Amino acid sequence: MEIIIQPTPEEATGVAARIIARLLAEKPDAVLGLATGSTPVLLYRELIAMDLDWSHVTTFNLDEYIGIPREHPQSYHSFMTDNLFRHINISPSHIHIPDGNATDIPASCADYEKRIAAAGGIDLQILGIGTDGHIGFNEPTSSLASRTRIKTLTRQTRIDNARFFGSEEDVPHHVVTMGIGTIMEARQNLLLAFGPGKARAIAEAVEGPVTSLNPASVLQMHPTVKVCLDEPAASQLSRADYYRWVYESKPGWQTF
Ligand code: PGA
């Protein structure tokens, strides 16, 4: 894992945006895995401002709620349209988001996996992290080998996401999410976390044991993971000085 600690969310986002911009420059038809939630909003704003060419890019989103219509303002279809897709030149046929309204959810999940494989796999997956360590909506005790499937949200996640819906009761109980096994097959993972509320989950994920109790900890088993943090999210890392030193000492061609 490469831990990149920056003073502010804006600076940590800038590093992540430059990593993505470099990938699109090297591979204009890259396959990107996208995330939702408050964390990547800044990143999408930064990518839009960079005015990149998305015409050959394919995207796969991590997850979607079950039980709210696609047009609901808090659906991840709406989120992606509002925060990224309507501002860039991506082809609508290249956009993939799990279908929370499919009549046959298991079949739709299997089809999602097939579409990822048919696109050649995900080159770079953007990830946030839940306060309980979830990635995608893979809650604690998710199988580390799981594939795209239905999941039930924890009480903690529903409390965390109540800020988007107005109240906890309005947050759906069920979601479709890429599995941890799916995420682990991405060629590169890029995890972003900001704020003190993420500090414990990040410390467990980066420095704790690999355990399904903190699903993000499985990323320790992935060969190419970058973790972009602001200082508050890094505040419980016992080796933060080492990570800063590693990043500051990198040769110029390895920096972003
Ligand atoms: P947040 O959510 O970006 O809204 O904090 C992250 C997540 O739940 O993965």
Side-chain angles (χ1 to χ4, degrees), residues 6 8-10 12-13 16-17 32-47 60-66 68 72-80 82-84 97-98 100 122 124-142 146 148 151-168 170-180 182-184 186 189-206 212-219 225-236:
Q6 297 286 300
T8 64
E10 288 75 15
T13 293
L32 290 184
L34 301 179
T36 48
S38 53
T39 305
V41 170
L42 269 177
L43 174 65
Y44 296 145
R45 212 174 284 163
E46 185 74 21
L47 291 172
F60 286 90
N61 264 80
L62 282 168
D63 43 23
E64 178 57 288
Y65 290 110
I66 290 177
I68 57 172
H72 188 287
Q74 295 307 329
S75 81
Y76 289 157
H77 280 76
S78 298
F79 175 97
M80 289 310 305
D82 294 345
N83 286 285
L84 183 65
I97 303 177
I122 292 171
L124 184 149
Q125 175 67 56
I126 299 164
L127 296 170
I129 185 170
T131 58
D132 61 4
H134 71 221
I135 47 176
F137 268 139
N138 293 284
E139 298 285 31
T141 71
S142 286
S146 51
T148 303
K151 280 298 287 181
T152 304
L153 296 180
T154 59
R155 173 102 201 278
Q156 184 60 53
T157 297
R158 293 184 65 246
I159 291 169
D160 288 347
N161 287 6
R163 68 191 194 279
F164 300 117
F165 285 84
S167 76
E168 189 190 325
D170 292 329
V171 181
H173 285 261
H174 296 110
V175 295
V176 176
T177 181
M178 270 189 213
I180 297 177
T182 323
I183 292 168
M184 289 294 280
N189 273 292
L190 180 58
L191 190 152
L192 288 90
F194 310 134
K198 300 291 173 72
R200 190 174 59 87
I202 284 293
E204 285 175 4
V206 173
S212 66
L213 292 175
N214 179 314
S217 65
V218 75
L219 295 169
V225 179
K226 291 185 174 62
V227 181
C228 295
L229 305 172
D230 67 354
E231 286 287 352
S235 60
Q236 290 188 34

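Keep in mind that this is a model prediction, so the values were computed, not measured. Counting convention: from 1, in listed order, for ligands and their atoms alike.
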Asker: I need the contact type for Glu139 against ligand 1. Using non-hydrogen atoms and a strict under-4.0 Å cut-off, is it side chain, backbone, both or neither?
Answerer: neither
Asker: May I ask you to list the atoms of ligand 1 that are less than 4.0 angstrom from any heavy atom of His134?
Answerer: 7 (C), 8 (O), 9 (O)
Asker: With a cut-off of 4.0 Å, which atoms of ligand 1 are near a heavy atom of Gly130?
Answerer: 7 (C), 8 (O), 9 (O)
Asker: If you count the atoms of ligand 1 from 1 in the order shown, which ones are under 4.0 Å from a heavy atom of Gly37?
Answerer: 3 (O), 4 (O)
Asker: Quick one: which ligand 1 atoms are inside 4.0 Å of a heavy atom on Gly128?
Answerer: 9 (O)
Asker: If we ignore angles and hydrogens, is there a donor and acceptor under 3.5 Å between the side chains of His72 and Ser78?
Answerer: no
Asker: Heavy atom to atom 3 (O) of ligand 1, shortest distance: which of Thr39, Thr36, Asp132, Asp160 holds it?
Answerer: Thr39
Asker: What residue and atom, counting heavy atoms only, is the protein's closest point to atom 6 (C) of ligand 1, and at what distance?
Answerer: Ile129 O, 3.4 Å
Asker: Which atoms of ligand 1 are found less than 4.0 Å from any heavy atom of Lys198?
Answerer: 1 (P), 5 (O), 6 (C)
Asker: Looking only at the side chains, is there a donor atom on one of Thr154 and Glu139 sitting less than 3.5 Å from an acceptor on the other?
Answerer: yes
Asker: For the rings on Phe79 and Tyr65, is their centre-to-centre separation under 6.0 Å?
Answerer: no
Asker: For atom 1 (P) of ligand 1, grab the closest protein heavy atom and report residue, atom and distance to one decimal in Å.
Answerer: Ser38 OG, 3.4 Å
Asker: Would Leu62 and Leu127 count as a side chain to side chain contact (heavy atoms under 4.5 Å, CB included) if you check the C-alpha gap in whole Å, the side-chain angles of each, and the deciding distance to 0.1 Å?
Answerer: CA-CA 8 Å; Leu62 282 168; Leu127 296 170; 3.9 Å; yes
Asker: Taking the side chain as C-beta and beyond, is there a heavy-atom pair between Phe60 and Met178 under 4.5 Å?
Answerer: yes
Asker: Applying salt bridge (charged side-chain N to carboxylate O under 4.0 Å, His left out), name anything that partners Lys226, two or more places apart in sequence or on another chain.
Answerer: Glu2
Asker: Give the intermediate values and the outcome of side chain to side chain contact (heavy atoms under 4.5 Å, CB included) for residues Ile97 and Asp63.
Answerer: CA-CA 7 Å; Ile97 303 177; Asp63 43 23; over 6 Å; no
